[in-house]
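Working notes for the structure below.
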Amino acid sequence: MLPDMGIWRSVSLIVPVAGRILDVYYSQKHTDNKVTLKALLHIENHGCKKAMVEISDPQGNIAAKADISLEESAEYYETELVINDPQLWWVNGYGEQPLYSCAVTLYDENDACADKNTQRIGLRTLTISREKDQWGEEFCFINNGVKIFAMGANYIPEDQIVTRCNEEKTRKLLADCKAANYNFIRVWGGGYYPDEYFYDYCDENGIIVWQDFMFACSAYLLTEEFEETVRGEVRDNVIRLRNHPSLGLWCGNNEIESAWEYWGLPEDEEAKRDYLIIFEDIIPQVLKAYDPCENTFYWPSSPSSGGGFKDASSNHAGDMHYWDVWHNFKPIEAFREFYYRFCSEYGFESLPDIKTCRAFADETKGDFDLCSPVMAAHQKCVQGNEKIMYYLAQMVRYPYDFKKLIYSSQLVQADCIRSNVEHMRRARGRCMGSAYWQVNDSNPVISWSSIDYYGRWKGLHYYAKRFYAPCLISCDDTERKKPVLNISNERMTAFEGIVRWKLRNNKAEILQSGEKSVNVPALTAQNVLTIDLSDDLKNRTDPREKYLEYSIMENGKVLSFGTTLFVRPKEFTFLEPKITYGISESEDKFALTFCAENYAKSVCLSLKTADCVFSDNWFDIHGKEPVTIMIDKASLSRKMTAQELSGELEIMHN
């Protein structure tokens, strides 16, 4: 138990001489090729006569400026500035992220600078669309008029000892998110409000922030003293964060509305009344004063269909948390029974890298056993280890050593989340967002994360890089004899290219193949090809010895690829792949080229004592067809030669 008490962020004492700028709020109105920027200045004045607002474009040129005359008695001042030919800020994958610099200077009676406030903003519109449609009511981010399929994960504090968090670690984590094609991240309400540099990175890289207020999984009784702290906490953080272009949504809390509906909490009319007052009255009041909903969308809870304890986990409106897979032991295929409007939480656990396990467990003392007291103490879910073993039994053959257990758990986790994301992306338009639980850990544990406490990518994060690709091919194998290939095109331009598929046996020999030229419009998902395999999957043996490989190509470049087994991995007849590889190097990279004698599925690369990020991992090798994986030398945790790298390399496969 680590009590979160005490001062843990910097404190400063400010003594204004002639006045100071308390805060500045920028709101935007977009019209044809023009943005009218309204600046609201909150000034504590002690004899200052004027202020100047100056807007510089991303290239450093003055785009607009205005002078404001001050009065001794007034606190708030408003001015409008017009920016012509605006450079718009876009979400990652849809455009660039130009940032304008907004400087407010306060001048004393001698025309000397008394105070200065500088912030960066992005010129954009960003809100939530809740249009009615044939399935109910959509829930999707809309950026500059474009409906975005949000792709990301939930973010929790990066350390349980919060003073160990720092900008370098946060920027590295967010860079890893961007590398996996995230355009969105949810700041979970059970943690804390991140530091300014978190939002700065998201501004600079086009990652939408879903910002929970810090209320989660609890009932709150509303005393006068507590209400004062609620108003103060919300006000202070809204003022601090409201100008960030990455801020896409304020959310009242995590899972409190749904807890009242579905968790079997004791009926407490007073607490339920206070819930409605806090999240559907007080917080909206504060936002109306400091960041109105026409500027930043407000959502009362997650999940919710709009508030008021009305079907909080609706499949027809709002956002949904889906946990029957994992917590309620539903099979992985159950994900496909739902067409969420926006799935903001779902997840599956795995063990972290063995090097991470060694940080808290001693192999010589028998700790490398999932049932050991040490492993139980580092499990973040009630009955979590039992659930891991339950799902392993459904999917893979029994792992007889601890390394294989880690590998198998990460494989099942990655494949589970992949299955759900691909299903959601095929339903683009009906479903418009995916945030798996969770991207990171706050300590070295067995958890739902895709990146562990030490920054090591699990299989899930490598999979995310593929299933969050802007242009994705996936396979709906609901009817396994007639699999359907789908292209989800989350780009602003059409996909014009070739779909290729190959039916192979477990030796990776091609049994039949085909290709098709396709055109998939921007921002759509389309089924592009149904493959009839009725003659190829006739008996019980065929599905256990054959698999489908598929890819899409554009201008000679492979954009996305995948494979589908017709049975669960434990039932497939894998032959020993006999993997071989060679290493070459350039000034800044190593290249590892792999081949095999037979089909090798989910090939996992790792280093024994060092760390790096591979250009791809958990990949398939189709026999003698080479696969080249790059290692940026800058990503290595220590320098090494090609020979040393070869000695460090470990290879596992299904």
Side-chain angles (χ1 to χ4, degrees), residues 133-136 138-140 147-154 180-184 303 313-316 318-328 330-348 391 394-395 411-437 448 450 459-460 463-480 482-490 499 520 523-531 548 550 552 560-569:
D133 59 24
Q134 59 185 306
W135 303 291
E138 75 176 0
F139 191 90
C140 79
K147 292 181 179 179
I148 303 297
F149 191 104
M151 301 184 288
N154 288 264
N181 293 308
Y182 284 31
N183 61 25
F184 159 79
S313 288
S314 170
N315 201 30
H316 306 288
D319 70 313
M320 186 177 185
H321 295 186
Y322 183 73
W323 282 104
D324 279 350
V325 175
W326 182 254
H327 283 307
N328 291 331
K330 285 286 187 72
I332 287 172
E333 292 82 2
F335 278 127
R336 298 189 187 183
E337 297 173 8
F338 294 91
Y339 288 90
Y340 333 87
R341 306 317 307 263
F342 193 115
C343 201
S344 50
E345 260 195 44
Y346 60 98
F348 199 97
Y391 281 103
Q394 309 304 308
M395 299 299 294
L411 173 61
V412 175
Q413 177 196 36
D415 219 37
C416 171
I417 302 303
R418 174 201 59 79
S419 175
N420 192 26
V421 173
E422 291 181 349
H423 165 65
M424 288 189 280
R425 291 196 63 182
R426 288 193 292 269
R428 191 203 195 277
R430 188 172 184 175
C431 176
M432 289 300 287
S434 158
Y436 63 79
W437 182 267
W448 303 266
S450 62
L460 173 55
Y463 269 50
K465 186 177 179 180
R466 295 199 285 266
F467 61 59
Y468 282 156
C471 206
L472 169 75
I473 185 170
S474 66
C475 177
D476 182 352
D477 58 353
T478 305
E479 294 186 45
R480 72 179 183 184
K482 293 186 177 181
V484 179
L485 298 183
N486 177 281
I487 295 177
S488 309
N489 182 15
E490 204 55 34
V499 177
V520 179
L523 309 174
T524 62
Q526 289 187 1
N527 293 335
V528 294
L529 184 63
T530 300
I531 305 170
L548 185 66
Y550 39 88
I552 51 176
S560 177
F561 55 88
T563 56
T564 291
L565 301 183
F566 302 108
V567 292
R568 291 184 170 182

I'd like to know if the side chain of [X] reaches the main chain of [Y], judged simply by a donor and an acceptor atom lying under 3.5 Å from each other, with no hydrogens or angles considered.
| X | Y | answer |
| --- | --- | --- |
| Asp133 | Gly136 | yes |
| Asn486 | Arg425 | no |
| Glu490 | Leu523 | no |

Kindly give the heavy-atom pair with the smallest separation between [X] and [Y], and that separation in Å.
| X | Y | result |
| --- | --- | --- |
| Leu548 | Pro483 | CD2-CG, 4.0 Å |
| Tyr463 | Arg418 | CD2-CB, 3.8 Å |
| Cys471 | Ser560 | O-CB, 3.3 Å |
| Gly347 | Trp326 | O-CB, 3.6 Å |
| Cys475 | Leu485 | CB-CD2, 3.9 Å |
| Ala435 | Phe184 | CB-CE2, 3.4 Å |

Does a side-chain N-to-carboxylate-O contact under 4.0 Å join [X] and [Y]?
| X | Y | value |
| --- | --- | --- |
| Arg336 | Asp476 | yes |
| Glu422 | Arg466 | no |
| Glu337 | Lys330 | no |

Inset, instruction - Please round to the nearest 0.5 Å and tell me the distance separating atom CG of Leu529 and atom CD1 of Ile552. - result: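 Reported value, rounded in 0.5 Å steps: 12.5 Å.
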Inset, instruction - Please round to the nearest 0.5 Å and tell me the distance separating atom CG of Asn420 and atom OG of Ser434. - result: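 OG of Ser434 is found 7.0 Å from CG of Asn420.
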Inset, instruction - Tell me yes or no: between the side chains of His321 and Ser344, is some donor less than 3.5 Å from an acceptor? - result: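 The criterion, which ignores hydrogens and geometry beyond distance, is satisfied for Ser344 and His321.
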Inset, instruction - Would you verify whether the NZ or CZ of Arg430 falls within 45 degrees of the ring axis of Tyr339 while also being under 6.0 Å from that six-membered ring's centre? - result: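 Arg430 over Tyr339 ring: yes.
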Looking at the rings of [X] and [Y], which for Trp means the six-membered one, are their centres under 6.0 Å apart?
| X | Y | value |
| --- | --- | --- |
| His423 | Phe338 | no |
| Phe561 | Tyr550 | no |
| Phe139 | Tyr340 | no |

Inset, instruction - Name the orientation class of the two ring planes belonging to Tyr436 and Tyr468 (parallel below 30°, tilted from 30 to 60°, perpendicular beyond 60°). - result: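 Tyr436 vs Tyr468 ring planes: parallel.
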Legend entry - Residues Met320, Asn315; criterion side-chain contact (heavy atoms from CB on, under 4.5 Å); working and verdict: CA-CA 7 Å; Met320 186 177 185; Asn315 201 30; 3.9 Å; yes
Legend entry - Evaluation steps, side-chain contact (heavy atoms from CB on, under 4.5 Å), between Arg428 and Ser488: CA-CA 8 Å; Arg428 191 203 195 277; Ser488 309; 5.9 Å; no
Please examine the side chains of [Y] and [X], heavy atoms only from C-beta on, and report whether any two atoms are closer than 4.5 Å.
| X | Y | answer |
| --- | --- | --- |
| Arg568 | Pro331 | yes |
| Lys147 | Glu138 | yes |
| Glu479 | Val484 | no |

Inset, instruction - Check step by step if side-chain contact (heavy atoms from CB on, under 4.5 Å) holds for Arg480 and Val567. - result: CA-CA 9 Å; Arg480 72 179 183 184; Val567 292; 3.9 Å; yes
Inset, instruction - Report the residue from Phe335, Phe342, Phe348, Tyr346 that forms a ring pair (Phe, Tyr, Trp, His ring centres under 6.0 Å) with Tyr322. - result: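 Per the ring pair (Phe, Tyr, Trp, His ring centres under 6.0 Å) rule, the option paired with Tyr322 is Phe335, out of Phe335, Phe342, Phe348, Tyr346.
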Legend entry - Asn154 and Trp448: CA distance, side-chain angles, deciding distance, side-chain contact (heavy atoms from CB on, under 4.5 Å) verdict: CA-CA 10 Å; Asn154 288 264; Trp448 303 266; over 6 Å; no
